Amino acid sequence: MTIAHEVARRRTFAIISHPDAGKTTLTEKLLLFAGAIHIAGSVKARKASRHATSDWMEIEKQRGISVASSVMQMEYRDCVINLLDTPGHRDFSEDTYRVLTAVDAALMVIDAANGVEPQTLRLLQVCRARNTPIITFINKMDREVREPLDLVDEIERVLGMPVVPCTWPVGMGKQFHGVLDVRGNRMRVFRPGADRVTGDDEIIEDLDNPVSIRRFGDTFGRALQESRLVCGVSPAFDAQSFLAGGQTPIFFGSAINNFGVREVLDALVDFAPPPRPRPAIQRIVQPAEPRFSGVVFKIQANMDPAHRDRVAFVRVCSGKFARGMRLRNCRTGKDLRPNNVVSFLSQRRDLLEEAYPGDIIGIPNHGVLQLGDTLTEGEDLQFTGLPFFAPELFQSVEIADPLRSKQLRAGLAQLGEEGAIQVFRPHAGGPLLLGAAGNLQFEVVAHRLRHEYGTEPRLAPARYTAARWITSDDPREMKRFIEFNAHRIAYDAVEAPTFLVSFDAELKVAQENWKAIRFHALREHAGLVFQAGLDG
């Protein structure tokens, strides 16, 4: 098979949503319909022996939330689908933002009872900034929810893009009878599902079929009228507009009941793009190029706690990967020859022989690879766009048992490398500082330090409320600034100097008094490329 043929078969997408919209349930059911698993884990019944395939971390099973992004690969209709399930909770948004740099499309899940929620909007803005095409699934139609016309109006108004209805619900809650397949001119009848795919769905051909009116009465008539009204005022599906993030196809269903899932899976194959060209600082890299390139967008520590492993998740950007091939880390200039590269079904890993653009491969490593690293067959490249945001909350961390301080530092170094938390070493000495977007990150890190590293951390609120990475074209002025502000300077996981403040006024004064110093709210990678517009 040629590289171009394999590229055309790939679909790589992320599932995004507000917490509790049903994202992890939908992930599980997509795996079920694609045949990647044969029985779905219970997402709600956390005391049962089964859990969602994508929620593998112990704390996720206890709390019923996703706190780490999961990667799953499956085959469906002769396509290789790489699905990335992301945390919905805003405290873990930075992990989600980085995952969104590794995908070519997004599946947005909306709770039909709540509509567009704040975290959905925040993630959508990231997708829009990258022109990532979005397919929308409106979930939980088996409950008493908002009217579909209201939901469509809100999506168009809040998200700022027209919708293209592909299915339309017939009723809701106890009166939910199914969906109208607008494109196929037929009705798919709802039946409460189970944790298996049965393959005996009931289809009523022709939306004007009198059988539907007789069976479902006014509920069907109203749904048909609404669907034709919305389709009459909505644009027709336009592939170019969709790929540019200019319109979103929408589907209705109930993931917990397996209903509406197959239509979404088909849409991902039919609508979502294959791997696209990716920008590097040096040039645009085309996926069908013969030479391999890839970028590390995620690092996960302790996927196998028994082996204290660290796995670098690499998005293949061009060429073909073959096990044992020599790769260069463009940041360090050093070569590596990975032999134990794996593909994923969440925590389950399979040894990988080859991979193509769009695929996500896992390279076990011990601190050699960092977030944002570019791997090539020798060419000097640096892919752009992997964000690190300045944290908003800070806590100091010390060890309860001084004899375990080595384990604490090792654990924090690994968790900092994977982006679970940002770890800062104060210039003037003293306890390490943890920086986060939300308090739940501190809870998760403390839990993981206890259970994965056997060390009891002692966390305490720090006096800082904001951080900015600092750069300057004048090394002497930079040195002077650091010495003058030694009590406010710390270094992050890649030793990038950071200015910490307790009040916004302190930052403004520093910016006014030190004109040769630049203050950045975003760091792109270890090479300190900062994105204009988010600085300050």
Side-chain angles (χ1 to χ4, degrees), residues 57-59 67-68 91-92 94-95 98 296 298-313 329 331-332 334 363-373 388-391 393-464 467 469 482 486-500 523 525-526 528:
M57 201 181 288
E58 188 60 34
I59 193 170
V67 302
D91 286 13
F92 303 98
E94 197 166 333
D95 190 30
R98 286 195 284 267
V296 178
K298 172 182 171 62
I299 291 177
Q300 185 69 56
N302 301 326
M303 289 185 74
D304 182 358
H307 294 94
R308 288 284 181 264
D309 64 342
R310 272 176 281 178
V311 176
F313 289 64
N329 182 341
R331 174 178 57 84
T332 63
K334 294 181 178 179
I363 300 180
N365 81 107
H366 297 282
V368 174
L369 297 175
Q370 294 181 358
L371 288 168
D373 279 356
F388 294 79
F389 296 91
L393 300 172
F394 296 86
Q395 291 195 5
S396 63
V397 57
E398 294 183 280
I399 186 73
D401 178 1
L403 297 178
R404 307 287 294 176
S405 60
K406 184 177 177 181
Q407 287 87 341
L408 175 74
R409 287 189 172 268
L412 287 175
Q414 292 185 18
L415 295 176
E417 281 175 14
E418 73 173 59
I421 199 92
Q422 292 195 47
V423 182
F424 295 92
R425 174 179 59 82
H427 178 79
L432 293 174
L433 292 170
L434 304 183
N439 281 310
L440 189 54
Q441 279 181 272
F442 295 126
E443 288 184 45
V444 169
V445 164
H447 180 280
R448 293 184 64 186
L449 286 170
R450 290 187 198 101
H451 293 271
E452 295 175 21
Y453 297 92
T455 181
E456 185 64 40
R458 185 181 292 146
L459 300 181
R463 58 193 176 91
Y464 303 112
W469 286 283
I482 289 174
H487 60 296
R488 292 198 189 100
I489 299 294
Y491 300 91
D492 71 0
V494 297
E495 293 297 312
T498 312
F499 181 59
L500 305 172
R523 174 172 71 78
H525 54 74
L528 283 179

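On a predicted model such as this, the values are computed, not experimentally measured, just so you know. Count residues from 1 along the sequence. Quick note: numbers below take in every heavy atom, side chains included, and nothing from hydrogens, waters or symmetry partners.
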Contact summary for R331 and D373, nearest pair of heavy atoms: NE-OD1, 2.6 Å
Minimum-distance pair of heavy atoms, taken over all atoms of L415 and R448: CD2-CZ, 3.5 Å
Pairs involving residues 427-436, ordered by first then second residue, that meet side-chain hydrogen bond (donor to acceptor under 3.5 Å, both in side chains) (sequence neighbours left out): H427-Y491
Contacts of D492 that satisfy side chain to side chain donor-acceptor pair (under 3.5 Å) - sequence neighbours left out: W469, R523
Side chains of L412 and L434 in contact at under 4.5 Å (non-hydrogen atoms): yes
R450: partners by salt bridge (Lys or Arg N to Asp or Glu O under 4.0 Å), with sequence neighbours left out: E456
For A462 against S396, the heavy-atom pair lying closest together: CB-N, 4.1 Å
Salt bridge (Lys or Arg N to Asp or Glu O under 4.0 Å) involving R425 - partner list, sequence neighbours excluded: E495
Heavy-atom closest pair, residues V423 and L432: CG1-CD1, 4.4 Å
Closest contact, heavy atoms only, I421 versus A436: CD1-CB, 3.8 Å
Pairing residues for S405 by the side chain to side chain contact (heavy atoms under 4.5 Å, CB included) criterion, not counting sequence neighbours: I399
Shortest non-hydrogen contact from N329 toward V368: ND2-O, 3.6 Å
Atom pair OG1 (T455) and CZ (R409), whose distance is rounded to the nearest 0.5 Å: 11.5 Å
ring-ring contact (aromatic ring centres under 6.0 Å, His included) against F424, all qualifying residues, sequence neighbours excluded: none
For L393, all residues meeting side chain to side chain contact (heavy atoms under 4.5 Å, CB included), sequence neighbours excluded: N439, F442
With sequence neighbours excluded, residues passing salt bridge (Lys or Arg N to Asp or Glu O under 4.0 Å) with R404: none
Stepwise side chain to side chain contact (heavy atoms under 4.5 Å, CB included) check, L408 with L449: CA-CA 7 Å; L408 175 74; L449 286 170; 4.0 Å; yes
Atom pair CG/CZ of L500 and R463 - distance to nearest 0.5 Å: 8.5 Å
